[in-house]
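Below you'll find the structure, written out as structure tokens, and then a few comments.
One-based numbering, in listed order, for ligands and for the atoms of each. Everything quoted here is computed from the prediction, not taken from an experiment.
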Amino acid sequence: MYTLHYSPGTASFAVHWLLIELGVPFELQKVDLDAGEHKTPEYLKLNPNGVVPTLVVDGQPLYECAALLMLLTERHPEAGFAPPPGSPRRGSYLTWMLHLANTLQPADRDWFYPDRVAGPANAEAVKEGARSRIEAAWGRIEAQLGAGGPCLVGDRVWAVDFYATMLMRWSRNMPKPATEWPAIASYVARMKARPSFRVLYEREGLTEWA
Ligand SMILES: N[C@@H](CCC(=O)N[C@@H](CS)C(=O)NCC(=O)O)C(=O)O
């Protein structure tokens, strides 16, 4: 059994989306970030980093969006959301999962929480740096989609595509949103056309970028 501790539109979005796509039973537990519920002693027992998501898997609390996506695909191999070990796409799939987790997502954190990096006095400089790293990542993804596609790794939707789309969504109010890159814009349109995207939006009560 799964319980996802989530907050609408945040890093729990991709995990929630994959759970819907998998069609497995799960419960949702909303975490009110504005009220600081993610810093309470109860929540920190589940996730000592004090962030969402946390996925409780058969009683064990686990975290890190990318790890949760990889774990879910491993637990439900029949759904085919990850290229199996030894298959030709596996290397590229892992490369992109880790690339998003290690480059783009940390740059997003710097963009959204610039004060935490070097204090409020340096927030603008931190945001500028984050912006150029984020836009460089869109350039790399645009090239990857242009070189192959129509998905991030070949012609199938893998878990990494839910992850990438979530990160693209986060750029919607940035100076240059991901969808200003043409191949990304059509990729996003295809991902948003999946029926699961509507279900996710409805459950999380989201409206922006619909
Ligand atoms: N590396 C973590 C980062 C998660 C993360 O940054 N979550 C944000 C929401 S998108 C959060 O909980 N922020 C609240 C805070 O940092 O106080 C993951 O991928 O799960």
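- The nearest heavy-atom contact from the protein to atom 20 (O) of ligand 1 is C65 N, 3.0 Å.
- The protein atom (non-hydrogen) at minimum distance from atom 12 (O) of ligand 1 is V52 N, 2.9 Å.
- Using a distance-only test at 3.5 Å, with no hydrogens or angles considered, a donor-acceptor pair links the side chain of R172 to the main chain of R169.
- Salt bridge D161/R190: absent, no basic N to carboxylate O contact under 4.0 Å.
- Remark: minimum distance from atom 9 (C) of ligand 1 to any protein heavy atom is reached at T10 CB, 3.7 Å.
- Ring centroid separation for the pair F162 and W17 comes in under the 6.0 Å cut-off.
- At least one heavy atom of Y113 sits less than 4.0 Å from an atom of ligand 1.
- The minimum heavy-atom distance linking V57 with Y2 is given by the pair CG1-CE2, 3.8 Å.
- For ligand 1 and H38, the ligand atoms under 4.0 Å from any heavy atom of the residue are 14 (C), 15 (C), 17 (O).
- Residue, atom and distance of the protein heavy atom nearest to atom 2 (C) of ligand 1 are E64 OE1, 3.4 Å.
- Rounding to the nearest 0.5 angstrom, the gap separating the CG atom in L22 from the CZ atom in R75 is 10.5 Å.
- For the pair C65/Y163, a side-chain contact is recorded, criterion being any heavy-atom separation below 4.5 Å from C-beta on.
- Considering only non-hydrogen protein atoms, atom 10 (S) of ligand 1 sits nearest to A11 N, 3.2 Å.
- Atom 19 (O) of ligand 1 has its closest protein heavy atom at Q105 NE2, 2.9 Å.
- Listed by atom number, the atoms of ligand 1 under 4.0 Å from K39 heavy atoms are 17 (O).
- Although no hydrogens or angles enter the test, the distance criterion places no donor-acceptor pair under 3.5 Å between the side chain of S92 and the main chain of R89.
- The salt bridge (charged side-chain N to carboxylate O under 4.0 Å, His left out) analysis of residues 132-146, with sequence neighbours excluded, yields the pairs D110-R133, R131-E135.
- Under a 4.0 Å criterion applied to the non-hydrogen atoms of P53, ligand 1 contributes the atoms 20 (O).
- Here the two rings, on H5 and Y63, have centers that are 6.0 Å apart or farther.
- R109 NH1, 3.4 Å is the protein heavy atom nearest to atom 5 (C) of ligand 1.
- If you look at R116 next to ligand 1, the close heavy atoms, those under 4.0 Å, all belong to the side chain.
- Each of the following atoms of ligand 1 lies closer than 4.0 Å to a heavy atom of V51: 4 (C), 5 (C), 7 (N), 11 (C), 12 (O), 16 (O).
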